[in-house]
**Student:** 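This is the structure I want to talk about, given as structure tokens.
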Amino acid sequence: HALLMQSWLPLCADTGHGITCSAWLYNGEAWFLSVLLVFWLFLRPLAEFFRRRGLRFCSCTLLACWLFSYLFQWLGHKDRLAEMVGCTDKVCPLAIMVAIRAGPLGYIHVFVAGAAAARTFMLTAMRDAETGGRIGAGTKRVVLSEADAPLVLRYGCCFGYL
């Protein structure tokens, strides 16, 4: 817990009084900081990766991330993933669920979608401050182009809560 690595690997054990998992021991909310630490380490390389990509790639990435969330739902239902990998004891299905619910693996699609959405916003709603054109590799300053920003990007946080 001191190094914020408790949710990187789903360590679960049967204590005789129930099954406990390392992600939620000691401080139940620290699992989220543990996940954020992993993502923080990869944020700059991911941002650089998306900086060199276009709108079509970012849109496809957003769609893929959205579909990926359904994959986990399908795999977790009735312990399908546990059966696929041959888990037979009672701790293994819970360890898989913890890896998905409280580990970096379960939120990787959210992290990648955030980077893709940020790049999508930059490509569609921002303009080069000096030329007024689309942003490019040589852009030094950007400004918001209110007229060109799609409605969903102007009020995205409102739509996210619906």
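Atom set for the values below is all heavy atoms of this structure, side chains included, hydrogens, waters and symmetry mates excluded.
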**Student:** Side chain of Arg127, backbone of Val143: donor and acceptor closer than 3.5 Å?
**Tutor:** no

**Student:** Is it true that Leu67 and Ile108 fall in one hydrophobic cluster, defined by side-chain heavy atoms closer than 4.5 Å?
**Tutor:** no

**Student:** What heavy-atom pair brings Leu144 and Ala125 nearest, and what distance separates the two atoms?
**Tutor:** CD1-O, 3.3 Å

**Student:** List the atom of Val35, the atom of Pro104, and the distance in Å for their closest heavy-atom pair.
**Tutor:** CG2-N, 3.8 Å

**Student:** Evaluate the criterion side chain to side chain contact (heavy atoms under 4.5 Å, CB included) for residue pair Leu62 and Thr120; output intermediate values, then yes/no.
**Tutor:** CA-CA 9 Å; Leu62 283 169; Thr120 300; 3.9 Å; yes

**Student:** Sequence neighbours excluded, which residues qualify as side-chain contact (heavy atoms from CB on, under 4.5 Å) partners of Ala95?
**Tutor:** Pro10, Cys12

**Student:** Evaluate the criterion side chain to side chain contact (heavy atoms under 4.5 Å, CB included) for residue pair Leu123 and Arg134; output intermediate values, then yes/no.
**Tutor:** CA-CA 7 Å; Leu123 291 171; Arg134 299 237 181 235; over 6 Å; no

**Student:** May I ask you to establish whether Arg53 and Phe57 are in a cation-pi arrangement, using a distance under 6.0 Å from NZ or CZ to the six-membered ring centre and at most 45° from the ring axis?
**Tutor:** yes

**Student:** So which heavy atom on Ile100 is nearest to which on Tyr107, and how close?
**Tutor:** O-CE1, 4.1 Å

**Student:** Mind checking whether Leu63 and Val112 sit in one hydrophobic cluster, side chains of I, L, V, M, F, W, Y counted as touching below 4.5 Å?
**Tutor:** no

**Student:** For Lys90 and Asp14, what are the C-alpha separation, side-chain angles and deciding distance, and is it a salt bridge (Lys or Arg N to Asp or Glu O under 4.0 Å)?
**Tutor:** CA-CA 8 Å; Lys90 65 181 183 176; Asp14 188 356; 2.9 Å; yes

**Student:** Give the minimum heavy-atom separation between Ile135 and Arg119, together with the two atoms involved.
**Tutor:** CD1-NH1, 3.7 Å

**Student:** Return the CG to CZ distance between Leu46 and Phe39, rounded to the nearest 0.5 Å.
**Tutor:** 10.0 Å

**Student:** For Ala82, is there any backbone N or O sitting under 3.5 Å from a side-chain donor or acceptor partner on Asp79?
**Tutor:** no

**Student:** Check whether Tyr70 and Phe111 end up in the same hydrophobic cluster, where Ile, Leu, Val, Met, Phe, Trp and Tyr are linked by side-chain heavy atoms less than 4.5 Å apart.
**Tutor:** no

**Student:** In sequence, state the C-alpha distance, the side-chain angles, and the governing distance for Cys65 and Val110, and then conclude on side chain to side chain contact (heavy atoms under 4.5 Å, CB included).
**Tutor:** CA-CA 7 Å; Cys65 289; Val110 178; over 6 Å; no

**Student:** Taking atom CZ of Arg56 and atom OG1 of Thr61, what is their separation to the nearest 0.5 Å?
**Tutor:** 12.5 Å

**Student:** Quick one: SG on Cys92 to CG on Leu81, what's the gap to the nearest 0.5 Å?
**Tutor:** 8.5 Å

**Student:** Between Ile96 and Val85, is the side chain to side chain contact (heavy atoms under 4.5 Å, CB included) condition met? List the steps.
**Tutor:** CA-CA 10 Å; Ile96 290 172; Val85 296; 4.1 Å; yes

**Student:** For the CG atom of Leu37 and the CG atom of Leu33, what is their distance to the nearest 0.5 Å?
**Tutor:** 9.0 Å

**Student:** Around Gln73, counting heavy atoms of other residues, nucleotides and ligands shown, do more than 12 lie under 6.0 Å from its CD?
**Tutor:** no

**Student:** Can you check whether Arg141's main-chain N or O pairs, donor with acceptor, with Thr139's side chain at less than 3.5 Å?
**Tutor:** no

**Student:** For residues Phe68 and Leu105, report the shortest heavy-atom separation together with the two atoms involved.
**Tutor:** CE2-O, 4.4 Å

**Student:** Salt bridge check, Arg80 against Glu83: does any charged N sit closer than 4.0 Å to a carboxylate O?
**Tutor:** no

